[in-house]
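Below, chain A is the first sequence line, B the second, and so on; all start at residue 1. Side chains included, hydrogens not; waters and symmetry mates left out as well; all remaining heavy atoms used.
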There are 2 protein chains.
Amino acid sequence: MKSEEIAKIAGVSRSTVSRVINNYSNVPEDTKKKVLDVITKYNYQPNTSARVLAGKKNDTIGLFIVSIADAFNPNRLYNNNYFTQFVDAVVECANARGYYVLVNIVYCENDYNKVSEVFLQKRIDGGIVIGTERDAEVLINVSKRGFPVALIDYDADEIKRNKSDNDNLIVIGSNDYDGAVSAVEHLIGLGHKDIGLLAGRLSTYSGRQRYNAFFDTMKKHGLNVNEEFVLHGDFIKSKTADEVNKLIQRRKLPSAIFSSNDDMAITAMDLFRESNIKIPEDISIIGFDNIPLSSLVKPALSTVSTPVYDIVDRAVTELISYIKRNKKGFTSFSYDAKMVMRDTCLRK
Amino acid sequence: MKSEEIAKIAGVSRSTVSRVINNYSNVPEDTKKKVLDVITKYNYQPNTSARVLAGKKNDTIGLFIVSIADAFNPNRLYNNNYFTQFVDAVVECANARGYYVLVNIVYCENDYNKVSEVFLQKRIDGGIVIGTERDAEVLINVSKRGFPVALIDYDADEIKRNKSDNDNLIVIGSNDYDGAVSAVEHLIGLGHKDIGLLAGRLSTYSGRQRYNAFFDTMKKHGLNVNEEFVLHGDFIKSKTADEVNKLIQRRKLPSAIFSSNDDMAITAMDLFRESNIKIPEDISIIGFDNIPLSSLVKPALSTVSTPVYDIVDRAVTELISYIKRNKKGFTSFSYDAKMVMRDTCLRK
DNA sequence: TTGAAAGCGCTAACAA
DNA sequence: TTGTTAGCGCTTTCAA
């Protein structure tokens, strides 16, 4: 069934059918109804490819989940707890606004080519990228070619510095630095002085922010950081386990740990438990992200919550407005991260 | 950049460029190389809409996650633990085979119309549907219109009965009945006689299978089912909590519970703990699905594992073969579910 | 082995 | 208010 047939049956021309489909104002009510009746009767739906080819938008946004852990430590599932929330939220927000979502997972550097392919093949009107590595200039290049791109968890300042005039970039994320400061200060307020850090991958924006916030805050409060207490989990489960096990074997523990994300914190909690180190009695721990699992784990993990839904909603809304209004330029948003006190921090 | 420009620069016609893009055999190596060089140099990618309009496939499959809990109990997030694994697996399998994935979530009966729209608008070459409600004939109608559809967790027998000749249906799932039988028999083998059931929504195929298996197995072993021990959680968190709380208040507990999924089992475990009912000492419990969370929870939940990845891989592979070879007809697959013994079942 | 030309189903300028 | 017509960028016959 194509518009021509609908036109014939309704006794009008293809143009009129097109006008009805696109809800143009210059169609009288009765003509409109006549056409609409036929459309409904035959369950007609316009061919998307034809519409797009004739100049309409695709009404599809691409969602790119970057899940490159490390060339030698491929470990995408670990990140899932955090990422899946985004997939869900993006699909929901986009669908609610009449947009479709094409989901792609970027497993390796090489997959970045696939990302630009999707844009260049005109499969989508714009894209949202989550978990971007620092070096992903491919994305910025794509945006320079005229495709709007929303980057989540990326260094807005760095982008702004490198930005050219003809990009279409939206950078959006949470204020991880301040969130991390409040977490560390919470521990300090509880009387902890020997505070350890379970650091995330420093090639990610959030990894760096949370790392810097930790050291800055310790310094600000005149507290020393024992190098043995700085563990590089890199957001990777196996690395985290290695580092935590080494710490346990040294038999000298910090009284509290700030972990750059919940996944690592939970891994650490498991290992501590296995070694009969009690949380929070023997060691306090606070995570970051407030993933669903963090409230289910026992004891429930204290953490810093990032407003995932708000971030996604903003990313989708903003992206769509770039698409629809052919908006250009650079926009950035930052949402506050808030502490969620649960059961893993105790006064020293 | 379009094929015509590439053609001009390479000194050939558009047809030749097209032949190169589509890897046709009747292009001599040097012509091919010449064209490919230009394509690479200008980073050319063919316009998908134009290709599809001219008769090519979309290379996109639709993934429809049906998450209708109940008109009065909208509770999609609860199902997430189970569904997100599918999204991840489908995207991975499809991407690996050169297919894109358009993800849609079906929140309500009305959303089924959106499903057929996606097909009729030719946005996808075929679709995978997960968590289908019994009454979703829309999907079967779509398949009758010539679009291949793969249904996961659906009653193959019922479909076969209603199938017409011109459908394109793939039904695939796990052998939930046998899986549930082995779980219940495991409890019985441990000496349990007062076994309770935490039942899922009976409008789902898996809900019914697990339910029937429970009663059949109890009967087969000559065991009575105490009606007070049959809880209708309906795969919904709040309902599950209500039912479990009521059970606890009655102060008469079964010695073991078979739960129709892990989510409900974990909810129950939390409530039991809060009431100082120890698992597995006071009550044994076994779940179903083997969601990631089930191994993280303390004590780790014994459960029945469904080969999610195999199921998805088969669904994607089969769907693609329907698409590529214009295969027609009905195909069904069933994968065995296997028990995973962990720490929530104890000898009575 | 290649090119010319028709056509895929729609939209949008232009004309009436 | 409506229809005619010319594309949109590709693939694919057909002919050379």
Participant: Let me confirm one number: the NZ-OG distance from B:Lys56 to A:Ser49, rounded to the nearest 0.5 Å.
Facilitator: 14.0 Å
Participant: Just wondering, do A:Arg19 and A:Thr31 contact through their side chains at under 4.5 Å, heavy atoms?
Facilitator: no
Participant: Say whether, by atom type as modelled, one donor and one acceptor occur between the side chain of A:Tyr42 and the main chain of A:Lys2 under 3.5 angstrom.
Facilitator: no
Participant: So if I take residues 15-37 of chain B and measure heavy-atom distances to DNA chain C, which residues fall below 4.0 Å?
Facilitator: B:Ser15, B:Thr16, B:Arg19, B:Asn26, B:Pro28, B:Thr31
Participant: D:dC10 P sits how many Å from A:Gln121 CD, rounded?
Facilitator: 11 Å
Participant: I'd like to check A:Lys8 versus A:Glu5 (side-chain heavy atoms, cut-off strictly below 4.5 Å). Are they in contact?
Facilitator: no
Participant: Expressed as a whole number of angstroms, how long is the span from A:Arg51:CZ to D:dG9:P?
Facilitator: 18 Å
Participant: Out of D:dG9, C:dT11, C:dC10, which nucleotide sits closest to the side chain of A:Lys56?
Facilitator: C:dT11
Participant: Specify the separation, in whole Å, of atom NZ of A:Lys8 and atom C1' of D:dT4.
Facilitator: 16 Å
Participant: How many Å lie between CD1 on B:Ile6 and C1' on D:dC10, as a whole number?
Facilitator: 13 Å
Participant: Round to a whole Å and report the spacing from CZ of A:Arg14 to P of D:dA6.
Facilitator: 12 Å
Participant: Please work out if A:Val52 contacts a base, only the sugar-phosphate, or nothing of the nucleic acid, heavy-atom cut-off 4.0 Å.
Facilitator: nothing
Participant: Quick one: A:Leu53 CG to C:dG7 C1', roughly how many Å, whole number?
Facilitator: 12 Å
Participant: Whole-Å distance between C:dG7 P and A:Glu4 CD?
Facilitator: 12 Å
Participant: Side chain of A:Thr60, backbone of A:Asn58: donor and acceptor closer than 3.5 Å?
Facilitator: yes
Participant: Axis-to-axis angle across the helix from C:dT1-D:dA16 to C:dA16-D:dT1, five pairs an end, to 10 degrees?
Facilitator: 40°
Participant: Which nucleotide in the set D:dT12, D:dC10, D:dC8 lies at the smallest distance from any side-chain heavy atom of B:Asn47?
Facilitator: D:dC10
Participant: Indicate yes or no for a side-chain donor-acceptor contact from A:Asp313 to the backbone of A:Tyr309 under 3.5 Å, with no hydrogens or angles considered.
Facilitator: no
Participant: Could you give the NZ-to-P distance, from A:Lys2 to C:dG7, as a whole number of Å?
Facilitator: 11 Å
Participant: Picking from B:Lys324, B:Lys327, B:Arg97, B:Arg325, what satisfies salt bridge (charged side-chain N to carboxylate O under 4.0 Å, His left out) with B:Glu318?
Facilitator: B:Lys327
Participant: CD1/A:Ile65 to CG/A:Asp111 distance, rounded to the nearest 0.5 angstrom?
Facilitator: 13.0 Å
Participant: Determine, stepwise, if the pair B:Asp37 / B:Lys33 fulfils salt bridge (Lys or Arg N to Asp or Glu O under 4.0 Å).
Facilitator: CA-CA 6 Å; B:Asp37 283 350; B:Lys33 185 183 180 320; 2.7 Å; yes
